[in-house]
Peer 1: 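Below are the structure tokens for one structure; questions will follow.
Labels below follow one simple rule: chain letters A, B, ... track the order of the sequence lines, proteins then strands, and each chain is numbered from 1.
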There are 2 protein chains.
Amino acid sequence: MLQDEPFKSNTRRAVHDLRELIFSGELEAGSDHLESELAERLSMSRTPVREATLMLEAQGLLEVRPRKGVRILALSADDMDEIYEVLTELESLAAALAADAQYCKKDLNTLAKSIDDMEVAVTNEDRVAWAKADGDFHHELVRLSKNSRIMAIVSNFNDQVRRARMTTLHIRPLPKKSNEEHRALFEAIVSGDAKAARDIHWNHRTSARKMLTELLNGHGLKRI
Amino acid sequence: MLQDEPFKSNTRRAVHDLRELIFSGELEAGSDHLESELAERLSMSRTPVREATLMLEAQGLLEVRPRKGVRILALSADDMDEIYEVLTELESLAAALAADAQYCKKDLNTLAKSIDDMEVAVTNEDRVAWAKADGDFHHELVRLSKNSRIMAIVSNFNDQVRRARMTTLHIRPLPKKSNEEHRALFEAIVSGDAKAARDIHWNHRTSARKMLTELLNGHGLKRI
DNA sequence: GAATTAATTAATGTATACATTAATGAGAAA
DNA sequence: TTTCTCATTAATGTATACATTAATTAATTC
């Protein structure tokens, strides 16, 4: 599956590989790792690994703790709450901006497609496919805002909660009614109703957030 | 003025010093600088300078352009617009959260103090003092939200627009009526009216934003 | 003379040796 | 035993030499 991509530099590869290791859980949340360990693991010297860890620290995926190694991000329920608070707000803004932008239906094809994909996935009870389509939907929504800063922040926070989402994906209820909200949002964007778009998405996100926190608390997942 | 702080490492010092050089304008917006130049300037080897530039790139203050040196951030009017769009949204959220948090008047002393300071500064037509107090006000407002992610993003974006603010500070009209809005926001927070707090601050920020963009465009400041 | 290619150069990228320092543990004094 | 000091150690922090490579210039061919 993995074809060895040509990386511009070892630092770039280190960033990429460490992200993969973190997302896959091979580097467990909360675990500590020495620079030299990671360097050996990635078959390179400490220099590019150090540079990579500093970048990943800035992205909030790990914490560099001098003499104790880097610690992989472990989110508490409060952290999740903070992140979802920001995500909710910025995505709702994105929805409003998308509505204001007066897109024609053709420009919204990608968005429509992912709604359909979610529909199919829910029918098939295929959670992985649903997660993919849902991710695409949110990504496209934010892209339509045309604000690169919103895109960057949202993408960054999505990285931070990626593992948590993976975990909850299989214990959460199937999102059967959620697509009604997606379609309502779509209509609001088509018709240029920014206020409605914002509110619909805000409510959508807020209820998802509530569900998630309760789920995590219910399962006693303190740090993830 | 500058007492040499004890830095944990040269990398830390490089981050600090480069930030100062950028904020002060000694490293001009849009200018390019080789790692070796900067290293000599800061009296250290390339290694900590490289690490510092990677961190500052992640903070959006410069761009590492292999073989062309690092380029200091230069904001276009569109960039300013994007940033202020996010700042407006997140600060308004912070205002709503602060109102929800049910602070007693004593907890809001710092906020009240900076409003008074702004009042005095405007009376004295002391723009620098006003900017300081205004900065304090916004910082405290965000702190009251108790959401560390909002704090981090807002502080980051404030860094990015710092030079632009300095520039406009002396060509903008004195903010005479702006403190009425601050006091109204304060009251909304005291009385726990989240909706009002959010709206007041949103309008406050939105009009400031409009003023700023017009000012920049009017003075033909394309990149700053 | 224009275009292509090869040599040079100047910068970054990387490994490594070494310096520094926080943490650990051993040993001495109370 | 407890505490303090000091040596040890194990990690990061830093400088530097060298590898690599994009960009530039010179050279060659058409």
Side-chain angles (χ1 to χ4, degrees), chain A residues 2-22 26-74, chain B residues 2-22 26-74:
Chain A
L2 280 175
Q3 58 190 16
D4 52 316
E5 282 181 57
F7 286 104
K8 287 205 208 317
S9 69
N10 277 358
T11 302
R12 293 298 277 283
R13 179 161 76 80
V15 169
H16 174 271
D17 289 358
L18 288 175
R19 282 171 59 96
E20 291 300 311
L21 289 171
I22 292 170
E26 283 186 73
L27 296 179
E28 209 175 340
S31 62
D32 295 327
H33 306 273
L34 299 180
E35 288 176 2
S36 41
E37 271 183 47
L38 296 174
E40 188 168 13
R41 191 158 184 168
L42 304 183
S43 310
M44 59 182 74
S45 79
R46 274 176 52 221
T47 307
V49 171
R50 261 181 81 86
E51 294 183 349
T53 57
L54 291 173
M55 290 191 261
L56 292 171
E57 180 173 48
Q59 291 173 28
L61 288 178
L62 51 80
E63 194 187 347
V64 174
R65 307 166 69 233
R67 277 156 225 291
K68 297 185 177 169
V70 301
R71 172 161 295 179
I72 307 304
L73 173 72
Chain B
L2 279 175
Q3 58 188 15
D4 52 318
E5 282 179 57
F7 286 105
K8 286 205 208 322
S9 69
N10 278 356
T11 302
R12 291 298 209 80
R13 180 162 74 81
V15 168
H16 174 270
D17 290 358
L18 288 175
R19 282 170 59 96
E20 291 300 312
L21 290 171
I22 292 170
E26 283 187 74
L27 296 179
E28 209 175 339
S31 62
D32 295 326
H33 306 273
L34 298 180
E35 288 177 1
S36 40
E37 269 182 49
L38 297 174
E40 189 167 12
R41 192 157 183 169
L42 304 183
S43 311
M44 60 182 73
S45 80
R46 275 177 51 224
T47 306
V49 170
R50 263 180 80 85
E51 294 183 349
T53 58
L54 291 172
M55 290 191 260
L56 292 171
E57 180 173 48
Q59 291 173 27
L61 288 179
L62 51 79
E63 193 187 346
V64 175
R65 307 167 68 234
R67 277 154 226 290
K68 297 184 178 170
V70 301
R71 172 161 296 179
I72 307 304
L73 173 72

Peer 1: What do you reckon, is CD of Glu40(A) surrounded by more than 12 foreign heavy atoms closer than 6.0 Å?
Peer 2: no
Peer 1: Taking side-chain hydrogen bond (donor to acceptor under 3.5 Å, both in side chains) as the definition, give me every residue that meets it alongside Gln59(A), ordered by chain and number, with sequence neighbours left out.
Peer 2: Arg19(A)
Peer 1: Treating primed atoms plus P, OP1 and OP2 as sugar-phosphate and everything else as base, which nucleotides of nucleotides 6-17 of chain D get B, S or - for protein heavy atoms under 4.0 Å?
Peer 2: -----BBBBBB-
Peer 1: Any ion pair linking Asp32(B) and Lys68(B) (charged N to carboxylate O, less than 4.0 Å)?
Peer 2: no
Peer 1: Please give the angle, rounded to 10 degrees, between the axes at the start and the end of the helix from dG1(C)-dC30(D) to dA30(C)-dT1(D), where five pairs define each axis.
Peer 2: 0°
Peer 1: Rounded to the nearest 0.5 Å, how far does CG of Leu42(A) lie from CD of Glu37(A)?
Peer 2: 11.0 Å
Peer 1: Does atom CD (Glu20(A)) have a neighbourhood of more than 12 heavy atoms from anything else shown, all under 6.0 Å?
Peer 2: yes
Peer 1: If you measure from the Lys or Arg side-chain nitrogens to the Asp or Glu carboxylate oxygens, is any gap between Glu63(B) and Arg71(B) under 4.0 Å?
Peer 2: no
Peer 1: Closer than 3.5 angstrom, by distance alone: can the side chain of Glu57(B) be matched with the main-chain N or O of Leu62(B) as a donor-acceptor pair?
Peer 2: no
